Asks: 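Could you have a look at this structure, given as structure tokens, before my questions?
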Amino acid sequence: MVAAGLVPFALGSDTGGSVRQPASFCGVYGLKPTYGAVSRFGLVAYASSLDVIGVTAADAATARAAFETMRGVDQFDQSSVDYPAPAAAAASDRLVVGIPEDVLDGVDPAVRRALQAVRGRLEEAGIRCVPVQLGSLEYVVPAYYVIATAEASANLARYDGVRYGVRDGYASADAEEMTIAARSAGFGAEVKLRILVGTYVLRSGFQEQYYQRAQRIRTLIRRSFEHAFGEVDLLLMPTFPVPPFARGDAGLDAFQQKQGDLFTCTANLTGHPALSVPGIVDGGLPIGVQFMAPYFREDLLFQAAALLAAQTEAPRPPGYLGPHSLLAEDG
């Protein structure tokens with residue numbers, strides 16, 4: 001709806017990229033804020049330590065206005081925090097952007113071209129781009145799916161047909177029978193699979209082997225990013241490793257899709273803010289790239305996005321109805 005120009009912005013829950021990946025595929029902007037910056041009151045929790053309310057918008061200025069309106073502490077959400085006072089704006093020619101080139105081996109050539117195009121425009125604007133090493137990224141997807149499924153299993157346990165969940169005219173004196181009926185009717189195949197996986201990794205004797213180990217890996221990943229942000233102001237990486245799927249294309253299988261979450265679910269594991277911005281149009285399809293910033297430095301994300309948007313007035317993909325211009329590259 002945002003890309004079609006029907007609404008100026010939309011909200012969504014981003015647990016591992018559910019705001020940024022569609023934004024990349026549709027040629028719009030997708031913001032995942034710092035964990036705790038925006039209240040989650042009213043959101044049905046999937047994975048509580050990963051879920052964040054994000055913004056999809058036609059342009060960076062609209063995304064920024066929506067975020068600045070929503071951010072801050074909420075008495076109804078204990079995970080929300082009082083957003084700190086904005087830091088002094090950094091001069092654009094003093095920004096340093098790190099690019100983790102060590103994890104780009106499996107990225108589609110079109111996505112590489114998008115990354116290089118954005119890098120070139122940043123450098124034209126006086127921003128220095130440097131390579132960084134983030135070897136911990138190879139552990140992101142396994143750690144993410146262990147933690148996410150475990151938290152989903154715990155959160156969705158409340159859907160038993162009594163206070164929460166589907167109860168379509170049935171009742172039973174047997175609580176287990178009613179729970180089975182409620183979850184069979186209310187949960188799809190993928191949700192059931194994730195609950196089963198999460199229940200498995202939380203079983204007695206398996207928590208240390210899977211869940212607690214994943215949490216330790218999460219801490220190591222967070223520390224590696226904090227170290228990187230000690231050297232650079234922003235990180236630039238793909239939003240998704242392949243271009244958007246053409247209409248009618250089967251796309252990736254379930255395993256490949258989970259592997260494809262690598263670049264987006266990283267920000268959910270670490271809690272850092274991230275912004276997907278339009279990169280190029282390749283083969284008639286928009287391809288986005290993603291910036292990540294230190295905690296509570298969404299202003300740096302919007303600053304970089306504004307610099308890119310000011311540089312190029314580009315053609316849109318065939319049939320594109322969005323109200324903004326994509327950054328495009330010939331070829």
Side-chain angles (χ1 to χ4, degrees), residues 14 16-17 19-21 23-24 29-32 34-35 50 90 94-123 125 127-145 214 217-243 256-280 282 287-295 297-298 300-301 303-305 307-308 327 329:
D14 190 313
V19 167
R20 288 162 288 156
Q21 290 179 15
S24 172
Y29 294 78
L31 171 69
K32 178 260 168 198
T34 304
Y35 183 83
L50 304 170
R94 293 187 179 181
L95 286 177
V96 180
V97 175
I99 301 177
E101 297 176 343
D102 57 319
V103 294
L104 299 179
D105 291 341
V107 171
D108 187 273
V111 178
R112 283 178 172 270
R113 288 195 293 273
L115 201 64
Q116 290 303 318
V118 170
R119 176 177 183 167
R121 290 174 186 132
L122 290 173
E123 291 175 337
I127 295 175
R128 187 160 63 95
C129 296
V130 299
V132 295
Q133 299 293 319
L134 292 173
S136 61
L137 284 188
E138 66 179 296
Y139 306 109
V140 165
V141 172
Y144 168 82
Y145 275 98
I217 292 173
R218 181 184 195 173
T219 299
L220 292 175
I221 294 169
R222 184 185 294 118
R223 288 174 180 169
S224 71
F225 273 79
E226 290 172 354
H227 175 76
F229 284 125
E231 301 176 350
V232 300
D233 300 296
L234 292 167
L235 290 170
L236 173 65
M237 62 184 73
T239 304
F240 201 72
V242 300
Q256 290 172 323
Q257 287 180 17
K258 289 178 172 61
Q259 290 296 116
D261 291 340
L262 167 65
F263 298 109
T264 50
C265 68
T266 300
N268 299 87
L269 273 182
T270 64
H272 289 99
L275 177 68
S276 180
V277 303
I280 64 172
D282 190 286
I287 300 175
V289 297
Q290 176 187 223
F291 289 102
M292 283 182 64
Y295 301 121
R297 291 309 308 267
E298 282 84 355
L300 294 179
L301 299 176
Q303 184 177 351
L307 283 172
L308 290 173
L327 298 174
E329 182 181 61

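Not measured: the values here are computed from a predicted model.
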Asks: When you compare the side chain of Ile99 with that of Cys129, does any pair of heavy atoms fall below 4.5 Å?
Replies: yes
Asks: To the closest 0.5 Å, what do you measure between CD (Gln303) and CG (Leu95)?
Replies: 4.5 Å
Asks: Let me confirm one number: the CZ-CZ distance from Arg297 to Phe291, rounded to the nearest 0.5 Å.
Replies: 14.5 Å
Asks: Mind checking whether His272 and Tyr295 have parallel, tilted or perpendicular rings, split at 30° and 60°?
Replies: parallel
Asks: Do Leu115 and Pro238 come close enough that some side-chain heavy atom pair is under 4.5 Å?
Replies: yes
Asks: Can you name the closest pair of heavy atoms from Leu301 and Leu234 and give their distance?
Replies: CD2-CD2, 3.9 Å
Asks: Which atom names give the shortest non-hydrogen contact between Ala305 and Val277, and what distance separates them?
Replies: CB-CG1, 4.0 Å
Asks: Please evaluate residues Met292 and Thr270 with respect to the criterion side chain to side chain contact (heavy atoms under 4.5 Å, CB included), reporting the C-alpha separation (whole Å), side-chain torsions for both, the decisive distance (0.1 Å), and the verdict.
Replies: CA-CA 11 Å; Met292 283 182 64; Thr270 64; 4.1 Å; yes
Asks: Hey, does the side chain of Ser276 reach the backbone of Gln290 with a donor-acceptor pair shorter than 3.5 angstrom?
Replies: no
Asks: If only atom types and distance count, is the side chain of Arg218 paired as donor or acceptor with the main-chain N or O of Leu269 below 3.5 Å?
Replies: yes
Asks: Has Asn268 got a side-chain atom pairing as donor or acceptor with Leu50's backbone, closer than 3.5 angstrom?
Replies: yes
Asks: Report the distance from atom CG of Leu235 to atom CZ of Phe229, rounding to the nearest 0.5 Å.
Replies: 4.0 Å
Asks: Between the side chain of Arg112 and the main-chain N/O of Leu104, is any donor-acceptor distance below 3.5 Å?
Replies: yes
Asks: State the CD-SG distance between Gln21 and Cys265, to the nearest 0.5 angstrom.
Replies: 8.5 Å
Asks: Distance from Gln116 atom CD to Glu123 atom CD, nearest 0.5 Å?
Replies: 8.5 Å
Asks: If you take all heavy atoms of Ala143 and Ile217, which pair is closest and at what distance?
Replies: CB-CG2, 4.0 Å
Asks: With heavy-atom distances below 4.5 Å as the criterion, would you say the side chains of Arg20 and Phe263 are in contact?
Replies: no
Asks: For Leu134 and Ser224, work out which heavy atoms get closest and say how close.
Replies: CD2-O, 4.1 Å
Asks: Shortest non-hydrogen contact from Ala110 to Ile280?
Replies: O-CD1, 3.9 Å
Asks: Set out, in order, the CA-CA distance, both residues' side-chain angles and the distance that settles side chain to side chain contact (heavy atoms under 4.5 Å, CB included) for Ile287 and Asp108, then state yes or no.
Replies: CA-CA 11 Å; Ile287 300 175; Asp108 187 273; over 6 Å; no
Asks: Residues two or more places apart in sequence or in another chain: which of them pass salt bridge (charged side-chain N to carboxylate O under 4.0 Å, His left out) with Glu226?
Replies: none
Asks: Please answer whether the main-chain N or O of Val289 pairs with a side-chain N or O of Thr239 as donor and acceptor at a distance below 3.5 Å.
Replies: yes
Asks: So how far is it from Ile127 CD1 to Arg121 CZ, rounded to the nearest 0.5 Å?
Replies: 13.0 Å
Asks: Just by distance, do the side chain of Asp233 and the backbone of Val96 share a donor-acceptor pair under 3.5 Å?
Replies: yes
Asks: Which atoms form the tightest heavy-atom contact between Gly16 and Thr264, and what is the distance?
Replies: O-OG1, 2.7 Å
